[in-house]
Amino acid sequence: MNKRLSTSRYITGFDGIRTLAVIGVILYHLLPTHMRGGYLGVPVFFVVSGYLITDLLRQEWDQNGKIKVKDFYVRRMKRLYPGMVVMLLISAAYITLFQRNLLNNLRGVFVSSLLYYNNWWQINHGLSYFDRFGNESPFTHLWSLAVEGQNYLIWPLLFILLMKLVKNRGTIFKIVIGCSLLSALLLAIWYSPGADPTRVYYGTDTRIFSILIGNALAFIWPSTRLKEEIPDSAKKILNTAGLASLFLLIVSYIFMDDRFSFPYYGGIYFVSVVTAVLVAVTAHPGASLNRWLTNPVFSYLGKRSYGIYLYQFPVMIFYEAKVNVANNVWLHVFIELALIVLCSELSYRFIEEPL
């Protein structure tokens with residue numbers, strides 16, 4: 001058996017965090033006036049992804065003294081590629097048969113998505129994340145998968161360099177956090193109030209800070225080295241911090257409107273730090289948050305969160321083009337949610353899980 005896998009902990013509470021992330025994103029798109037800050041689910045995904053990937057790389061390095069980069073890439077592709085390819089093929093077939101007005105740019109979407117540069121492709125083609133109905137596309141959301149894909153490509157190599165050249169993990173933490181601050185600074189500098197913020201919202205350089213925060217956390221908070229038996233006072237501090245971070249995240253979902261300037265002037269960075277606290281407490285076996293975030297509903301949705309994220313826009317765009325949702329908004333919201341969950345269930349059961 002692979003030693004790295006034998007020492008890994010599956011932290012069930014992370015499914016709960018993924019559920020909170022995907023609920024925020026879905027409700028932001030379906031009910032933007034009710035969930036104004038739901039777009040913040042994306043940085044939540046980024047932080048969790050950064051932490052988990054780096055934590056696994058750290059375990060592999062500690063046990064083997066090296067990283068099998070090729071194996072890492074193969075694992076990531078097996079996890080992410082099949083689901084996305086099937087979604088792209090099904091959506092392309094539907095567009096060709098029933099919604100030919102969306103055929104424009106389909107080839108560019110395919111290539112940029114498969115090669116994980118879709119965020120830059122959308123920027124270069126002047127597509128706006130904040131003008132969904134004026135520029136409808138079932139593939140708008142793929143920008144974030146491109147940012148993650150670019151991180152997966154580069155980060156293992158940077159990880160190896162840092163471990164070989166810097167070695168001290170406290171110092172590495174400071175370097176990575178410094179890079180995250182630089183990314184957030186670029187977001188603030190390049191953001192122009194009143195103008196469409198898509199360039200800074202999509203850009204890898206201006207959004208990578210959330211992933212970097214998760215990456216940095218794994219160096220000082222390794223999941224396999226956290227002790228289950230801790231003093232009651234420490235447990236109380238952890239639980240308080242975890243609940244406070246959960247509260248702040250929910251408040252941000254409700255009130256941090258994307259039309260405000262604050263998200264670009266530190267707001268998204270703040271939510272990413274809050275998420276890092278939530279991740280840290282959930283990962284700690286001595287705290288209670290992992291248990292509190294573990295339940296059948298969160299487990300179900302969390303495991304299917306990738307599929308839910310993949311199919312949200314195709315379902316919404318295709319459905320709303322054929323049905324007048326204004327007649328009964330809530331009814332159609334529930335129908336769209338059911339269709340999204342159904343698609344994600346089929347994807348999880350027949351594509352993602354077998355691989």
Side-chain angles (χ1 to χ4, degrees), residues 21-22 24-30 32 38-39 41-43 45-46 49 76-77 79-153 196-204 207 258 304-323 325 336-337 339-344 346-348 351-352:
V22 80
V25 172
I26 295 293
L27 293 184
Y28 169 72
H29 292 140
L30 286 174
Y39 64 95
V42 171
F45 274 127
F46 281 173
S49 172
R76 287 294 84 203
M77 288 187 69
R79 171 69 184 93
L80 302 174
Y81 240 57
M84 182 172 67
V85 169
V86 171
M87 182 277 292
L88 287 169
L89 291 173
I90 292 173
S91 298
Y94 182 91
I95 288 170
T96 303
L97 293 172
F98 303 112
Q99 213 163 330
R100 296 182 67 86
N101 62 303
L102 296 178
L103 277 172
N104 189 35
N105 291 327
L106 191 58
R107 181 178 178 182
V109 168
F110 255 77
V111 175
S112 63
S113 298
L114 294 177
L115 297 180
Y116 287 111
Y117 68 90
N118 180 267
N119 59 326
W120 295 111
W121 182 87
Q122 290 198 52
I123 290 170
N124 291 334
H125 282 74
L127 303 179
S128 173
Y129 181 75
F130 302 94
D131 185 25
R132 174 181 159 198
F133 295 103
N135 201 1
E136 66 174 6
S137 169
F139 309 112
T140 298
H141 60 312
L142 298 183
W143 75 270
S144 66
L145 301 184
V147 174
E148 282 202 69
Q150 291 158 37
N151 177 68
Y152 294 145
L153 178 65
D196 189 306
T198 296
R199 161 60 185 90
V200 293
Y201 190 83
Y202 277 170
T204 308
R207 293 304 303 274
D258 61 45
R304 291 154 183 80
S305 58
Y306 179 59
I308 292 172
Y309 189 85
L310 279 176
Y311 283 96
Q312 55 165 324
F313 256 95
V315 167
M316 287 186 275
I317 296 298
F318 298 153
Y319 183 85
E320 292 173 17
K322 303 297 182 183
V323 179
V325 298
E336 288 179 74
L337 285 172
L339 289 172
I340 292 167
V341 172
L342 174 62
C343 291
S344 69
L346 294 173
S347 176
Y348 179 77
I351 300 167
E352 299 168 51

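As a basis for the values below, the full set of heavy atoms in this structure was taken, side chains included, without hydrogen atoms, waters or symmetry mates. For reference, positions follow the sequence shown, starting with 1.
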Side chains of Gln150 and Asn119: closer than 4.5 Å at any heavy-atom pair?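 Side chain of Gln150 against side chain of Asn119, heavy atoms only: contact under 4.5 Å found.
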
With a 4.5 Å limit on heavy-atom distance, are the side chains of Val325 and Glu336 in contact? yes

Please tabulate, one pair per line, all N/O donor-acceptor pairs under 3.5 Å involving side-chain atoms of residues 82-102, not counting sequence neighbours.
| unit_1 | atom_1 | unit_2 | atom_2 | d |
| --- | --- | --- | --- | --- |
| Ser91 | OG | Met87 | O | 2.8 |
| Thr96 | OG1 | Ala92 | O | 2.8 |
| Arg100 | NH1 | Thr96 | O | 2.9 |

Would you please test Leu127 and Thr198 for side-chain contact (heavy atoms from CB on, under 4.5 Å) and show each step? CA-CA 8 Å; Leu127 303 179; Thr198 296; over 6 Å; no

Would you find a donor on one side and an acceptor on the other, under 3.5 Å apart, between the side chain of Tyr348 and the backbone of Gly307? no

Check whether Ser344 reaches the backbone of Val341 with its side chain - one donor and one acceptor, N or O, closer than 3.5 Å. yes

Between side-chain atoms of residues 310-319 and protein atoms elsewhere (two or more places apart, or another chain), which donor-acceptor pairs fall under 3.5 Å?
| unit_1 | atom_1 | unit_2 | atom_2 | d |
| --- | --- | --- | --- | --- |
| Gln312 | OE1 | His29 | ND1 | 2.7 |
| Gln312 | NE2 | Tyr309 | O | 3.3 |
| Tyr319 | OH | His332 | ND1 | 2.8 |

Which of these, Tyr202, Trp120, Trp121, sits in a side chain to side chain contact (heavy atoms under 4.5 Å, CB included) with Trp143? Tyr202

Residues Leu30, Glu320; criterion side-chain contact (heavy atoms from CB on, under 4.5 Å); working and verdict: CA-CA 11 Å; Leu30 286 174; Glu320 292 173 17; 4.2 Å; yes

Go through the steps for Tyr129 and Tyr39 under the test ring-ring contact (aromatic ring centres under 6.0 Å, His included), then give the verdict. CA-CA 11 Å; Tyr129 181 75; Tyr39 64 95; 8.0 Å; no

Starting at NE2 of His125, measure out to CG of Asn104 and round the result to the nearest 0.5 Å.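 His125 NE2 to Asn104 CG: 8.5 Å, rounded to 0.5 Å.
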
Report the C-alpha distance between Tyr152 and Arg79 in whole Å, list the side-chain angles of each, state the deciding distance to 0.1 Å, and finish with yes or no for side-chain contact (heavy atoms from CB on, under 4.5 Å). CA-CA 12 Å; Tyr152 294 145; Arg79 171 69 184 93; over 6 Å; no

Say whether Tyr28 and Asp258, considering side chains only, have a donor N or O and an acceptor N or O under 3.5 Å apart.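 There is such a pair (donor and acceptor under 3.5 Å, judged by atom type) between the side chains of Tyr28 and Asp258.
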
Give the table of side-chain donor-acceptor pairs shorter than 3.5 Å for residues 106-117, with sequence neighbours excluded, one pair per line with atom names and distance.
| unit_1 | atom_1 | unit_2 | atom_2 | d |
| --- | --- | --- | --- | --- |
| Ser112 | OG | Gly108 | O | 2.8 |
| Ser112 | OG | Val109 | O | 3.2 |
| Ser112 | OG | Asn118 | ND2 | 3.1 |
| Ser113 | OG | Val109 | O | 2.7 |

